[in-house]
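What follows is one structure encoded as structure tokens, with my remarks underneath.
Quick note on labels: first sequence line is chain A, next is B, and so on, each numbered from 1. Treat the numbers as computed from the prediction; the structure is a model and nothing was measured.
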2 protein chains.
Amino acid sequence: MAGVRAAQKEKTRRALIQAAMNQLSAEHGYASLSLREVAREAGIAPTSFYRHFQNMEELGLTLVDEGGLALRQLLRQSRQQIAKGGSIIRASVTTFMEFVANNTAIFRLLLQEKSGNSREFRLAVQREVEHFTAELVDYLVDEQDFERSLAELQADAIVRIVFSVGADALDASAAERHELLETTISQVRIVARGAAVTRTLAKSAKS
Amino acid sequence: MAGVRAAQKEKTRRALIQAAMNQLSAEHGYASLSLREVAREAGIAPTSFYRHFQNMEELGLTLVDEGGLALRQLLRQSRQQIAKGGSIIRASVTTFMEFVANNTAIFRLLLQEKSGNSREFRLAVQREVEHFTAELVDYLVDEQDFERSLAELQADAIVRIVFSVGADALDASAAERHELLETTISQVRIVARGAAVTRTLAKSAKS
DNA sequence: GAATTGCGTGCACAAGCGTTCACTGACATA
DNA sequence: TATGTCAGTGAACGCTTGTGCACGCAATTC
């Protein structure tokens, strides 16, 4: 039966992905990542790299996909926990900040490639952020009865703020991160209040 | 008298800076900028580079400084528009978007190095953004009578949103940019409304 | 007019890069 | 058991990179 071979290949593939992750840091970004170094860290010959990815770009896009997926799963999870009561805003922002703290390398990659030099990368990251926003829009429409257009404005603003804070959190100490967290929660609440007011304004204009 | 020699040196220095700017584009960022290519574009031998900068990093920091200068010019310009009346929000956001459209290379550099791989670069950009926020805080305190703490929350949120939109505007067509502009104005108004509500909430809690 | 300074140069080097190629040998298939 | 597939290999290629060095030559200083 097939299996031993395929399993080994997958294992090497994971090793490459992991090696790339390890080499990403605050000082050493994806742009300055070399095929040879990644292969060396993964414990294979440089030429073997091509058995798994056509390019470094293909590896990079895989990293972006996996990062986005992990982030979304985490937030969905945290929103489910919230179903049983508590502040959705606090829970979501907290979860997000924890993700940033625990997955620094991935988040930094997403952030850098968001305004990076490969159009394909930029689009990939943008897609992840849009997924992210879309889930928040759905929540606002379904659970809070917002009009879709206003929900989109609100969600987009919130996501922009939160991602921007995430960027600052990368360089921050634990204490600073906690302060950022509280600040951000207040800011998201301001946006939520603003949207609520805007809704009542729109309603009274209609009648 | 001295002068001819120094003038020539300054001219070459400008040529290097300009060459570096020219090489910055959507596809080719600072990280993948090579000393030899910059020297080639500036029309000098690679080794002559060292007569002007010790490193590529030193050149890069010079670029960031110049970018920050341009950004501050934007601020001044924006303040002038406000002085002659009209919607402060619309005027500010419009001015910002125009800056992004007209200084693409510089804004992209600031954006990339904001979450880039050199700590020194990151701090330099962060300083520029903080200038930007501080101006807005002062406006909110002086002209709109906000408490300083609430003004800071509000200004920080607005700047985060606007910079994030600026990033998206880099890739956008003129039509898309216009749509982004209107969206952003709505979002900033939502934040402003939210802050206003928050202020009255705080006041009623006091009494 | 002679001496000094310093920008720009051409050559050279070692190191690193991505990628090609023909290959080996363990696993899969029939 | 014979045959085919394919992940991994090591040598070799043509490049580009940053940087050291000694030098020329024009502007400056004395």
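Within the structure, every pair that satisfies the ring pair (Phe, Tyr, Trp, His ring centres under 6.0 Å) test and touches residues 29-49 of chain A, not counting sequence neighbours, is listed here: A/Tyr30-A/Phe121, A/Phe49-A/Phe53. Applying the salt bridge (Lys or Arg N to Asp or Glu O under 4.0 Å) test to pairs two or more places apart or on separate chains, those with a residue in residues 128-137 of chain B are B/Arg72-B/Glu128, B/Arg79-B/Glu135. The stretch residues 167-191 of chain A participates, sequence neighbours left out, in these salt bridge (Lys or Arg N to Asp or Glu O under 4.0 Å) pairs: A/Arg90-A/Glu182, A/Arg108-A/Asp171, A/Asp168-B/Arg160, A/Asp171-B/Arg119, A/Asp171-B/Arg122. Note on residues 31-52 of chain A: no pairs pass salt bridge (Lys or Arg N to Asp or Glu O under 4.0 Å), not counting sequence neighbours. For the salt bridge (Lys or Arg N to Asp or Glu O under 4.0 Å) condition, the pairs that include at least one residue of residues 9-34 of chain A, sequence neighbours left out, are A/Arg14-A/Glu66. Note on residues 92-106 of chain B: pairs passing side chain to side chain donor-acceptor pair (under 3.5 Å), not counting sequence neighbours, are B/Gln81-B/Thr95.
In this structure, CZ of A/Arg36 is placed 17 Å from P of D/dT17, rounded to the nearest angstrom. Across the protein-nucleic acid pair, B/Leu35 atom CG and C/dG16 atom C1' stand 16 Å apart, rounded to whole Å. Distance A/Gln8 CD to C/dC27 P: 9 Å, rounded to the nearest Å.
Listed by chain and residue number, B/Thr133, B/Leu136, B/Val137, B/Leu140 satisfy the side chain to side chain contact (heavy atoms under 4.5 Å, CB included) test with B/Ala155 (two or more places apart in sequence, or in another chain).
For B/Arg5 against C/dC7, no side-chain N or O and base N or O form a donor-acceptor pair under 3.5 Å.
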Worksheet item: When you look at A/Phe107 and A/Phe96, which way does the ring pair (Phe, Tyr, Trp, His ring centres under 6.0 Å) test go after all the steps?
Response: CA-CA 10 Å; A/Phe107 187 73; A/Phe96 184 87; 5.7 Å; yes
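Proximity of residues 11-33 of chain B to DNA chain C (heavy atom under 4.0 angstrom from any strand atom) is restricted to B/Thr12. Of the residues in residues 40-60 of chain B, those placing a heavy atom less than 4.0 Å from an atom of DNA chain C are B/Ile44, B/Ala45, B/Thr47, B/Ser48, B/Arg51, B/His52, in numerical order.
Note on A/Glu37: only backbone sugar-phosphate atoms sit closer than 4.0 angstrom, heavy atoms only; bases stay farther off.
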